[in-house]
Amino acid sequence: MKYQSLALYCGSSTGSNPAYAQEAARFGKLCALKQLTLYYGGGSIGLMGAAADACLNHGGKVIGVAPDFFTQGEVLATNLTEMILVKTMSERKQLLEERADAFVIFPGSYGTMDELFEMVTDAQLGMHSKPIVIYNYMGYYDFLIKQLDKFMEEGFLRPFHRCLLIHAENLDELFYKLDTYENTNDRSWLEKIRH
């Protein structure tokens, strides 16, 4: 797959293990070296800030998309290539979905899961056919991956929809899966739900 940009969904915290922020920084550096535009939530803190700063420090292009009520305090980055302010979190997700060519999910919690499941639901419904990669760094998403398989085993998730969410254990694998991605959605299923 040819792609020129990525949207990163991840925590606004660095977590309890410094390795998470270090890996986010490695990811940001690789985006710069691969000349990929990095879209993200615009934060200056957490894994978001680590990835954005590393990308910028290595000559990359970083575009933040954030709701304007975050402008108070020290939450938003001020050193980005571009900052786009929107009114709501929903607008933020919509704009990131429209602009980015692919989506990468790093460790996070509620907000990250909200973004992940909106992106994959839209992929399921044929609203986009872009890759979504869960980065299972240090096994962070082991239980989520097992739960996705449980959805399928119990008949609540079709196999071709399960395959819309791919996962990687290291950054080399992550970029390889982005490079070789093929959308698995079933066109006949999409036609049935749209007619």
Side-chain angles (χ1 to χ4, degrees), residues 3-16 20-21 23-25 27-28 31 36-56 60-137 140-141 143-145 147-148 151 157 161 164-168 174 178 183 185:
Y3 60 100
Q4 297 180 316
S5 62
L6 295 173
L8 173 64
Y9 300 120
C10 62
S12 57
S13 168
T14 55
S16 56
Y20 292 124
E23 193 71 355
F27 173 77
C31 287
L36 297 169
T37 298
L38 178 61
Y39 284 92
Y40 84 120
S44 62
I45 55 177
L47 300 189
M48 291 197 296
D53 286 346
C55 188
L56 289 166
K61 181 178 179 182
V62 181
I63 299 175
V65 181
D68 56 13
F69 55 81
F70 278 169
T71 56
Q72 300 299 318
E74 299 180 357
V75 174
L76 292 185
T78 57
N79 59 339
L80 305 182
T81 309
E82 182 182 358
M83 175 69 82
I84 302 169
L85 295 178
V86 294
K87 292 295 181 186
T88 67
M89 297 291 275
S90 294
E91 286 181 69
R92 173 208 246 178
K93 287 183 289 185
Q94 184 177 3
L95 192 58
L96 287 168
E97 182 177 325
E98 289 171 2
R99 291 225 179 172
D101 296 328
F103 311 100
V104 173
I105 318 301
F106 259 66
S109 62
Y110 289 154
T112 305
M113 292 299 94
D114 173 52
E115 291 160 335
L116 165 62
F117 282 108
E118 181 157 335
M119 293 306 108
V120 75
T121 300
D122 285 353
Q124 181 182 36
L125 297 174
M127 296 170 68
H128 72 80
S129 58
K130 302 172 183 180
I132 306 166
V133 183
I134 296 171
Y135 187 27
N136 190 33
Y137 183 56
Y140 184 82
Y141 284 119
F143 292 109
L144 174 62
I145 291 165
Q147 186 62 53
L148 296 171
F151 293 161
L157 182 64
H161 287 149
L164 293 172
L165 265 183
I166 52 183
H167 54 89
L174 186 152
L178 287 171
N183 185 272
N185 212 346

Are Y9 and F106, when compared by the centres of their aromatic rings, separated by less than 6.0 Å?
no
Ring centroid separation for Y140 and Y20, is it under 6.0 angstrom?
yes
Any donor-acceptor pair under 3.5 Å linking the side chain of S12 with the backbone of G46?
no
Is there a side-chain contact (heavy atoms from CB on, under 4.5 Å) between Y135 and E23? Walk through the geometry before answering.
CA-CA 10 Å; Y135 187 27; E23 193 71 355; 2.5 Å; yes
Quick one, F151 and H161 - any side-chain contact, counting heavy atoms below 4.5 Å?
no
To the closest 0.5 Å, what do you measure between CG (L8) and CG (L36)?
12.0 Å
Heavy-atom side-chain proximity of Y3 to L178 below 4.5 angstrom:
yes
Any ion pair linking K130 and D101 (charged N to carboxylate O, less than 4.0 Å)?
no
Are any of the side-chain heavy atoms of M83 and L76 separated by less than 4.5 Å?
yes
If you take all heavy atoms of C31 and L38, which pair is closest and at what distance?
SG-CD1, 4.3 Å
Does the side chain of I166 come within less than 4.5 Å of I132's, by heavy atoms?
no
Do H167 and Y137 have ring centroids that are under 6.0 Å from one another?
no
Starting at SG of C55, measure out to CG of L6 and round the result to the nearest 0.5 Å.
9.5 Å
So which heavy atom on G108 is nearest to which on Y141, and how close?
N-OH, 3.3 Å
A quick test of your reading: do over 12 heavy atoms of other residues, nucleotides or ligands sit less than 6.0 Å from CE of M127?
no
Checking K93 now: which residues fulfil salt bridge (Lys or Arg N to Asp or Glu O under 4.0 Å) with it, not counting sequence neighbours?
D114, E118
Partners meeting salt bridge (Lys or Arg N to Asp or Glu O under 4.0 Å) with E97 (sequence neighbours left out):
none
Checking N185 side chain against Q124 main chain: does a donor-acceptor pair fall under 3.5 Å?
yes
Can you find a heavy atom in the side chain of L85 that is under 4.5 Å from one in the side chain of P67?
no
Between atom CD of E91 and atom CE of M89, what is the distance when rounded to the nearest 0.5 Å?
11.5 Å
For the residue pair R99 and I84, establish whether any side-chain heavy-atom pair is separated by less than 4.5 Å.
yes
Sub-3.5 Å donor-acceptor pair from the side chain of H128 to the main-chain atoms of A102, do we have one?
no
If I compare all heavy atoms of L95 with all of V65, which pair ends up nearest, and what's the gap?
CD2-CG1, 3.8 Å
What verdict does the side-chain contact (heavy atoms from CB on, under 4.5 Å) test give for L165 and L116, after you've listed the backbone C-alpha separation in whole Å, the side-chain angles of each residue and the deciding distance to 0.1 Å?
CA-CA 9 Å; L165 265 183; L116 165 62; 3.4 Å; yes
E82 vs K61, salt bridge (charged side-chain N to carboxylate O under 4.0 Å, His left out): CA-CA, chis, key distance, verdict:
CA-CA 8 Å; E82 182 182 358; K61 181 178 179 182; 5.9 Å; no
If you define the side chain from C-beta out and look only at heavy atoms, does anything of L174 sit under 4.5 Å from F27?
yes
Step by step, work out the side-chain contact (heavy atoms from CB on, under 4.5 Å) result for Y40 and V62.
CA-CA 8 Å; Y40 84 120; V62 181; 3.5 Å; yes
For A66 and G41, the nearest pair of non-hydrogen atoms, with its separation, is CB-O, 3.5 Å
Exercise: identify the closest heavy-atom pair between F70 and R92:
CE1-NH2, 3.9 Å
V120 and side chain to side chain contact (heavy atoms under 4.5 Å, CB included): which single residue from L148, L164, I134, I105 fits?
L164
Pair I145, N136 - check side-chain contact (heavy atoms from CB on, under 4.5 Å), show working.
CA-CA 9 Å; I145 291 165; N136 190 33; 3.9 Å; yes
Suppose we screen for side chain to side chain donor-acceptor pair (under 3.5 Å). Which residues come up paired with T81, at least two apart in sequence or across chains?
none
Contact check, side chains of P131 and F103, non-hydrogen atoms, under 4.5 Å
no
